[in-house]
Number of protein chains: 2
Amino acid sequence: MSASRPYHHGDLRSTLLASAERTLREKGAAALSLRELARSAGVSHAAPGRHFKDKQALLDALALNGYARLNEAMESADDATLPLEPRLTSLARAYLTFAIQHPELLELMYSRKHDPASAAQLSDEVDRSLSTFLRLITDAKSQGELINTDLDSIMLLTAASLHGLAALVAAGAYPADEVLTTLDTHVHLLLDGLRPR
Amino acid sequence: MSASRPYHHGDLRSTLLASAERTLREKGAAALSLRELARSAGVSHAAPGRHFKDKQALLDALALNGYARLNEAMESADDATLPLEPRLTSLARAYLTFAIQHPELLELMYSRKHDPASAAQLSDEVDRSLSTFLRLITDAKSQGELINTDLDSIMLLTAASLHGLAALVAAGAYPADEVLTTLDTHVHLLLDGLRPR
DNA sequence: ACCTGAACACCGTTCAAGT
DNA sequence: ACCTGAACACCGTTCAAGT
């Protein structure tokens, strides 16, 4: 065990964030308390206030961090050399894998109440997610792999479909272990439609 | 103004639920406090404990009530005499209208943490929602309006797509006023696919 | 610049006691 | 059967003061 704790923690902000994410994963958002985080960091209950103006600011920082990781995962999963169907499947797999591994974090990321101060950054991250999909769809369209409907409609159905899957999994309404094995079918049906040809 | 409040409220349970839903709609879930609800019902802070074993039990009752209303709306919107596309559009419209009118309630209904005591009832309501979709899809399939893929896959894509739309709207990620006007396109794309025929 | 300790105004929950 | 009032153990947030 170390000697007496130094007055300055040194890295309190990241310690709090890491600890908060662990609590989120293990006990859920309701169990998140600033005082408890301070306690387990060995710091006074008022110390977090130095790094986060209030509890929502810490939650926003968690969400922002989540988006950054999701976006990195999606971007590195996107292989522009692939044809539409495998390319979309790979992107979807990255998204769903994140949803399976971090359901509570995803729920937090989706949540509607954020500090106005964080809104702009969060919105940027959402745009970054969307632009990954947009790139894929624009490419596919220019190669004649998609119908000639407006981009917005195609984007919306694609995003809603994958987002819905992720939400169903994160909410526990659809089993996590099945969603990845049925993903190929899912993407195929999305591209080919439910109606007989 | 009435005379002195009687000792027995008479209808405290429904009063609390109604008041809670108003708070949810107007101020969000974070602003929901049992003590505040008790105050505005003119009752002691311990009185709600008689009708709800804890705060989560009240939230579960709200969610349950929400599902009942959503299910009624969806069932009465389902017209079995219609062909697949208009029939699905009508059902989807009912779902999305609910999502637009009660985004916070929907978020609560989707939420993953409920009392074990409420889990069975909530699960029944979800099954009831799914069976409405299942009826539509079974009918359409028997009439040759759907491809010959297994029901589960068709259900999953349909549910995920509409659920995703509702979630995007409830989260404020997609404008509520647009989702209803673009709904016809959305359903059409879902049925016909994104790929050229 | 960063943290503490006390203070303030809230919570949810429990439980004896009242009607 | 239903509600009250006090009590308990928690919160988040603020702010002077310490290092």
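Since the model is a prediction, treat every value here as computed from it, not as a measurement. Throughout, protein chains are lettered first and strands after them, A, B, ... in sequence-line order, and every chain is numbered starting at 1.
- As the counterpart of C:dC2, D:dG18 is assigned, both hydrogen-bonding distances of the Watson-Crick or G-U wobble pattern falling under 3.5 Å.
- D:dC8 and C:dG12 make up a base pair, with Watson-Crick or G-U wobble contacts both under 3.5 Å.
- Here the P atom of nucleotide C:dC11 and the CG atom of B:L58 are 15 Å apart, to the nearest Å.
- B:E145 places a side-chain N or O within 3.5 Å of a backbone atom of B:L84 that can act as its donor or acceptor partner.
- A donor-acceptor pair under 3.5 Å links the side-chain atoms of B:D60 to the main chain of B:D115, judged by distance alone.
- For the pair A:H45 NE2 and C:dT4 P, the computed distance is 10 Å after rounding to whole Å.
- The distance from atom CZ of A:F52 to atom P of D:dT13 is 12 Å, rounded to the nearest whole Å.
- In this structure, B:L12 atom CG and D:dC3 atom C1' are separated by 9 Å, rounded to whole Å.
- At the phosphate of C:dC11, neither OP1 nor OP2 sits under 4.0 Å from any side-chain N or O atom of A:R35.
- Between A:R39 and D:dC11 there is a side-chain polar atom (N or O) within less than 4.0 angstrom of OP1 or OP2.
- Rounding to whole angstrom units, NE2 of residue B:H9 and C1' of D:dC2 are separated by 12 Å.
- Among C:dT14, C:dT13, D:dC11, the nucleotide with an atom closest to any side-chain atom of B:A46 is C:dT14.
- Contact check for B:L108 versus B:E104: no side-chain heavy atoms found under the 4.5 Å cut-off.
- One can place NZ of A:K55 at 9 Å from P of D:dC11, the figure rounded to the nearest angstrom.
- Using modelled atom types, no side-chain atom of A:S131 and backbone atom of A:L134 make a donor-acceptor pair closer than 3.5 Å.
- Here A:S33 reaches the OP1 or OP2 of D:dG12: one of its side-chain N or O atoms lies under 4.0 Å away.
- If you check C:dG5, C:dC3, C:dT14 against the side chain of A:A47, the one that comes closest is C:dC3.
- Heavy-atom nearest nucleotides on DNA chain C were determined for A:R50 and for B:L34, and the one closer to the 5' end corresponds to A:R50.
- Side-chain proximity of A:E36 to C:dG12, D:dC11, D:dG5: nearest is D:dC11.
- Side-chain atoms of B:T182 do not come within 3.5 Å of backbone N or O of B:T185 as any donor-acceptor pair.
- Along DNA chain D, the nucleotide closest to A:L32 and the one closest to B:D11 are compared, and the more 5′ of them pairs with B:D11.
- One can place NE2 of A:H51 at 7 Å from C1' of C:dC2, the figure rounded to the nearest angstrom.
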